Amino acid sequence: MKTPISASKRYVHRLLKPHKYFTTTHLRRLSVAPDSTQPPSQEELTETAITQLKITEDWTSNTNLHYQLLSLPPQSLIKIARHLETSNKALKFFHFIHDNQSPSLSQLPLPSIFQTVIELAMREEDSVPLVDLFNLSKELKVPLTSNSAILLIRYFFHVKKVQESLELYNELEPHAKNTNVKNTLLGLLLKSNRFEDAHKLLDEMLQSDTKFPPNETTLSVVFSVLLRWNCGKEDEKILGLIPKFGIHGVFPCNVWLTQLITRLCRSHRNDKAWDLLHELIKFGKLEAGPCNALLSGLSRERNYKRINLVLNEMKENNIKPDIVTFGMLVNHLCKAHRVDDALDMLKKMKEGSDGISIKPDVILYNTVIDGLCKVGRQAEGFLLMEQMKSEHNCAPNVVTYNCLIDGFCKSGEIERAHELFDQMDKENVAPNVITMNTLVDGMCKNGRISNAMEFFRKMQEEKGIKGNAVTYSTLISAFCNVNNMDRAMRLFDEMESLGSPDALAYYSLISGLTLAGRPDDAAFIASKMKKSGFLPDLLTYNTLIGGFCRKKKLDKAVEILKDMEDSKIKPDSVTYNTLISYFTQNGDFGTAHKFLKQMVKDGNAPTVVTYGTLIHGHCLAGNLDEGLNLFEEMIRTSKVVPNNVIYNILIDSLCKCGKVDHALSLMDGMLEKGVAPNTTTYNAMLKGISSRNRLKDAERLMNQMTTQACNPDYITIEILNDWFSAIGEADRLKQFVQGFQASSSAA
DNA sequence: ATATCAACTT
């Protein structure tokens with residue numbers, strides 16, 4: 001190889017000639033020492049050399065300098081190299097030192113000077129190719145420093161020569177393979193998805209007897225990849241190595257762990273998250289965050305067994321649950337309609353009777369208030385809001401009010417809902433679009449669509465709250481419900497004119513037309529939707545299929561199903577339930593079971609609705625026993641939790657067959673399982689016992705309805721009225737209705 | 001990352 005220094009050797013005869021640039025002025029200026037009798041110090045010599053090397057083209061011919069340089073210690077030589085501006089100059093210097101090194105001089109500075117060459121070369125646009133430099137180091141047997149290795153490894157990755165990087169790493173001297181080098185290589189391997197190689201390297205780093213153990217950076221490199229957005233399952237082997245960091249005293253921070261576990265749970269890898277947490281819990285550094293993330297994942301798959309295990313382990317390992325932990329637990333209880341347990345937990349938190357006292361915040365209160373509203377105990381919810389204000393100095397926010405307003409709307413107490421809305425104004429809690437939507441929906445569902453429209457317009461004018469897709473969808477559905485397609489269409493147009501038309505607007509029209517028993521028109525809107533560039537989603541398809549099934553137009557339903565499959569949208573359990581329902585209601589259990597098989601094959605486990613559909617079908621076909629058997633089977637062999645609809649179907653059927661005692665025992669079982677009976681349950685039951693004239697049972701049930709705040713509806717009143725007036729007990733009904741009004745207005 | 005509105009199936 002032709003190198004600058006070998007070229008310069010040919011001009012050795014010039015060495016003694018003073019260089020043309022070297023004037024006496026220069027020399028005078030360059031001699032730093034003020035007292036010329038003192039020999040210059042090493043520092044001065046270094047500075048002088050730097051200046052000379054910078055400004056002189058052919059300094060190798062300067063013998064003076066030559067000897068001075070060779071007398072300098074390694075550190076000074078390295079310093080000189082660092083101050084040279086271009087890689088060419090540095091390379092020339094490198095060659096000079098290399099060619100002139102005395103055998104006694106240690107090799108020490110050469111690798112460092114070479115490193116400087118690489119550093120300079122990397123910054124330049126057209127430098128000596130880095131590959132050539134790498135080859136030169138091999139040729140001259142100058143070992144690479146750790147930093148040189150890092151630079152070259154990065155460069156090789158940059159030009160997609162991963163194999164060269166690995167070779168370079170393998171050829172390094174053992175002492176150069178330090179943690180930094182390993183971290184660099186590891187990061188790049190992971191980034192380019194070479195999980196096999198990365199795993200091997202990381203595993204090697206994590207050995208307990210390694211000279212260069214992993215550090216925080218190693219961990220952050222690993223996490224930056226694990227937390228990457230679209231990381232497949234290849235990273236799972238790497239995941240398994242994380243606990244090994246603990247052996248070296250490196251522990252991931254709780255924030256990262258929380259993110260990682262959240263990510264694992266979201267990509268349906270709860271098991272991996274579970275394993276990871278359990279490996280790490282031993283090191284005693286876990287906080288509530290990662291545990292919460294796992295708990296949240298486990299609750300999504302309703303794995304209550306594991307939820308309880310995690311909670312116990314938190315206790316054993318002294319990991320203090322925080323407000324989020326409690327928030328999730330309370331939320332669970334509420335969603336399982338175990339509101340009394342939720343209230344209990346809230347109380348315990350405040351008292352600190354379980355060893356941990358946490359001041360509940362507005363979110364926790366909102367969760368419980370919503371829980372109360374969702375089971376029809378909105379009056380208690382309201383009291384809880386008063387309590388949180390007065391006793392705990394916790395101000396309700398817009399969510400608190402939204403929950404309560406929804407609660408009162410759903411129970412038909414629109415006036416109370418409006419009062420709460422006015423109260424918000426007094427307490428300076430600004431309503432938002434959800435508040436509006438809730439009230440609009442409440443009014444629509446209570447047959448006051450024009451009031452709802454008025455309110456909607458007023459909110460827009462007075463509060464500047466604009467309607468969103470939900471608002472329009474609610475109103476459009478409401479107009480469709482009363483068969484006012486004209487107004488529905490006008491709202492649809494208004495929404496489209498407001499800007500980006502929303503798929504939800506199409507959907508609400510489609511669902512409205514379907515609800516109005518006009519599936520063909522709905523299908524037409526769906527085709528229009530497609531033409532405007534919106535693809536109907538699963539919900540839309542399900543709605544259409546349901547619409548045609550209800551009209552007994554199976555061929556059309558199947559047509560939609562085909563269209564759906566063409567659009568690559570997979571039918572889900574709702575789709576299958578709809579079809580199964582069509583066949584069972586028409587007595588065709590053979591085809592129903594065919595679809596049931598297909599459903600399971602598609603990966604959709606039968607849901608509570610599937611069982612409900614089949615049970616309902618059996619009852620309709622007069623096979624009550626078959627229905628009861630299936631119910632037993634469901635409880636025995638599946639994880640499906642019965643809901644009140646299933647109980648209602650069976651209780652109704654039993655009562656109609658005169659098996660009132662069986663129905664009553666089923667209702668007891670319902671209460672035992674924590675399934676709340678609703679008005680439908682009571683209506684079926686009361687109808688049944690009325691035919692047997694069992695007044696005592698009626699009394700008990702009526703009391704139950706009152707205490708559970710389960711509103712009687714016109715059917716309840718009709719049943720009781722027919723019965724009681726026939727036996728001259730009309731007062732009982734009066735009392736019942738009055739008692740009800742008293743309890744609901746007590747709040 | 002624990003709370004509020006609409007929408008498909010018994």
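Because the structure is predicted, anything quoted here is derived from the model rather than measured. Letters A, B, ... mirror the listed sequences (proteins, then strands); counts begin at 1.
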Hey, can you tell me if A/His593 and A/Phe589 have their rings parallel, tilted or perpendicular (30° and 60° cut-offs)? tilted
May I ask you to say what A/Thr262 touches in the nucleic acid, namely base, sugar-phosphate or nothing, with a heavy-atom cut-off under 4.0 Å? sugar-phosphate
Say whether A/Arg300 and A/Ser296, considering side chains only, have a donor N or O and an acceptor N or O under 3.5 Å apart. yes
Remember a base hit wins even if backbone is also touched, and classify A/Thr540 as base, sugar-phosphate or nothing at under 4.0 Å, heavy atoms. nothing
Below 6.0 angstrom between ring centroids: does that apply to A/Phe595 and A/Tyr582? no
Are A/Tyr506 and A/Phe492 near enough that their ring centres are under 6.0 Å apart? yes
Which is true for A/Ile323 with a 4.0 Å heavy-atom rule: it touches a base, it touches only sugar-phosphate, or it touches nothing? base
How would you label the contact of A/Arg550 with the nucleic acid (heavy atoms, under 4.0 Å): base, sugar-phosphate, or nothing? sugar-phosphate
Would you mind classifying the nucleic acid contact of A/Asn397 as base, sugar-phosphate or nothing, using non-hydrogen atoms under 4.0 angstrom? base
Of the residues in residues 436-443 of chain A, which ones touch DNA chain B at a heavy-atom distance under 4.0 Å? A/Asn437, A/Thr438, A/Asp441
So, the side chain of A/Asp521 versus the backbone of A/Leu513: is there a donor-acceptor pair under 3.5 Å, distance only? no
Take the angle between the ring planes of A/His392 and A/Tyr365 and call it parallel below 30°, perpendicular above 60°, tilted in between. tilted
Select base, sugar-phosphate, or nothing to describe what A/Thr367 touches, counting heavy atoms under 4.0 Å on all strands. sugar-phosphate
Please classify the nucleic acid contact of A/Ser473 as base, sugar-phosphate, or nothing, using heavy-atom distances under 4.0 Å. nothing
Outermost contacting nts on DNA chain B, any atom under 4.0 Å from chain A heavy atoms, listed 5' then 3', are B/dA1 to B/dT10
Is the positively charged end of A/Arg416 above the ring of A/Phe382, judged by distance under 6.0 angstrom from the centroid and angle within 45° of the axis? yes
Quick one, A/Tyr472 with A/Tyr507, criterion ring-ring contact (aromatic ring centres under 6.0 Å, His included). Give me CA distance, side-chain angles, the key distance, then yes/no. CA-CA 11 Å; A/Tyr472 281 98; A/Tyr507 174 75; over 10 Å; no
